[in-house]
Amino acid sequence: MIAAAGAAVLAGSSVLCIRAAFRAGERARLIDRAHAGRSVGVREGAVPGSVMSVVRDRADTWAPALSCLLGLAVGVVLAGVPGAIVGAGGGLAFTVALRHRRTARNRSRLEEQLVDGVVALTAGLRAGMSVPQSLEYAADECDAPLGPSLRAVVDRASMGEPFGTALAAWGREHGGGDARLVVGVLGMHRRSGGDLPGVLDRLAATLRDRRAAARELRSLTAQARMSGAILGLLPIGFFGFLALTAPDDLSVALAAPAGRAAIAVGFVLQGAAFVWIRRLLRVA
């Protein structure tokens, strides 16, 4: 009876974890495509030479589900039903964390390229181009991810969407302070006019100062961020080591209600400490 109940719990948790993992993978894939400036409704496989993009998108979609299954299998081998639940959740959380890290890295790289984009936009304006034409020129001059994202703004405007609306949507999609600053400057110029190339020169200097300050801040908080990462990974590594070296002791702890409660409380406290450290290092 107990074995049947455990199997039912394991099967139900497996289905829920796989479903949540697939949804998380699909949602993260759409966010990544939006940050890269690609249209979500267009299949990339229709473009010659983009087979690897299709394969990468499929792998990104199924990666959370596969990691969830792998964690579930490892948890079953090491600690039965409780280990399976913890392993499935850990595999899903690991993949989602990697995806969020990649999205943040792409956003940071885009903001690093904004200075070059503003410089190219200024050069186009000084050459006599309009703002949309200058933005198209900047899209051609910049590498990914900034270039394709600016190209998406130009494509939206060429399909009939107002240029200001397309630019505001670009600022909302990328969500960075530097991107919103560029959108605000261009929107202010559309309403009031003025010497836009001169304003963009000062904006480029401001963006350089902001990125230099951000890099210095990251170097100053590197030790604290490493401490937070070690604090978050230490319990997982400890239980993995204990499962390999002393599985009997671990099974005794998991068999007793007090042991399971203590382990659960320990993981919750470690997770809270990790989140607290990350929030302390976050600069508004």
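Since the structure is predicted, the reported quantities are computational estimates derived from the model, not experimental observations.
- Between Asp116 and Glu141 there is no side-chain heavy-atom pair separated by less than 4.5 Å.
- Tested against Glu112, the residues Arg107, Arg208, Arg211 include a single salt bridge (charged side-chain N to carboxylate O under 4.0 Å, His left out) partner, Arg211.
- By the salt bridge (Lys or Arg N to Asp or Glu O under 4.0 Å) test, Asp249 pairs with no residue at all, sequence neighbours left out.
- Leu150 pairs in a side-chain contact (heavy atoms from CB on, under 4.5 Å) with only one of the listed residues (Leu167, Asp155, Leu135), which is Leu135.
- When every heavy atom of Leu125 is checked against every heavy atom of Pro197, the shortest pair comes out as CB-CG, 4.1 Å.
- The backbone N or O of Arg105 sits nowhere less than 3.5 Å from a side-chain atom of Ser108 that would complete a donor-acceptor pair.
- Proximity of Arg151 to Asp140: side-chain heavy atoms (C-beta onward) are separated by under 4.5 Å at one or more points.
- The environment of Arg218 atom CZ is sparse: at most 12 non-hydrogen atoms of other residues, nucleotides or ligands sit within 6.0 angstrom.
- In this structure, CE in Met188 is found 12.0 Å from CG in Leu196, a value given to the nearest 0.5 Å.
- Closest non-hydrogen pair, Pro148 versus Asp143, comes out as CD-O, 4.1 Å.
- How far CD of Glu111 is from CZ of Arg180: 8.5 Å, rounded to the nearest 0.5 Å.
- A heavy-atom distance below 4.5 Å is found between the side chains of Arg210 and Asp178.
- Between Leu121 and Leu186 the shortest side-chain heavy-atom distance falls below 4.5 Å.
- Interatomic distance, OG1 of Thr206 versus CG of Asp201, reported as 10.5 Å (0.5 Å rounding).
- Across all their heavy atoms, Ala123 and Tyr137 have their closest contact at CB-CE2, 4.4 Å.
- Shortest non-hydrogen contact noted between Gly124 and Ser134 is C-OG, 3.2 Å.
- The shortest distance between side-chain heavy atoms of Val118 and Val185 does not fall below 4.5 Å.
- Inter-residue side-chain proximity for Met129 and Glu136 is flagged as unmet; no heavy-atom pair is nearer than 4.5 Å.
- Residue Arg202 holds its CZ atom at 13.0 Å from CG of Leu207, rounded to the nearest 0.5 Å.
- Across every non-hydrogen atom of Pro145 and Arg109, the tightest pair is CD-CD, 3.8 Å.
- Between the side chain of Arg156 and the backbone N or O of Thr165 there is no donor-acceptor pair closer than 3.5 Å.
- Closest non-hydrogen pair, Ala157 versus Phe163, comes out as CB-CD1, 4.0 Å.
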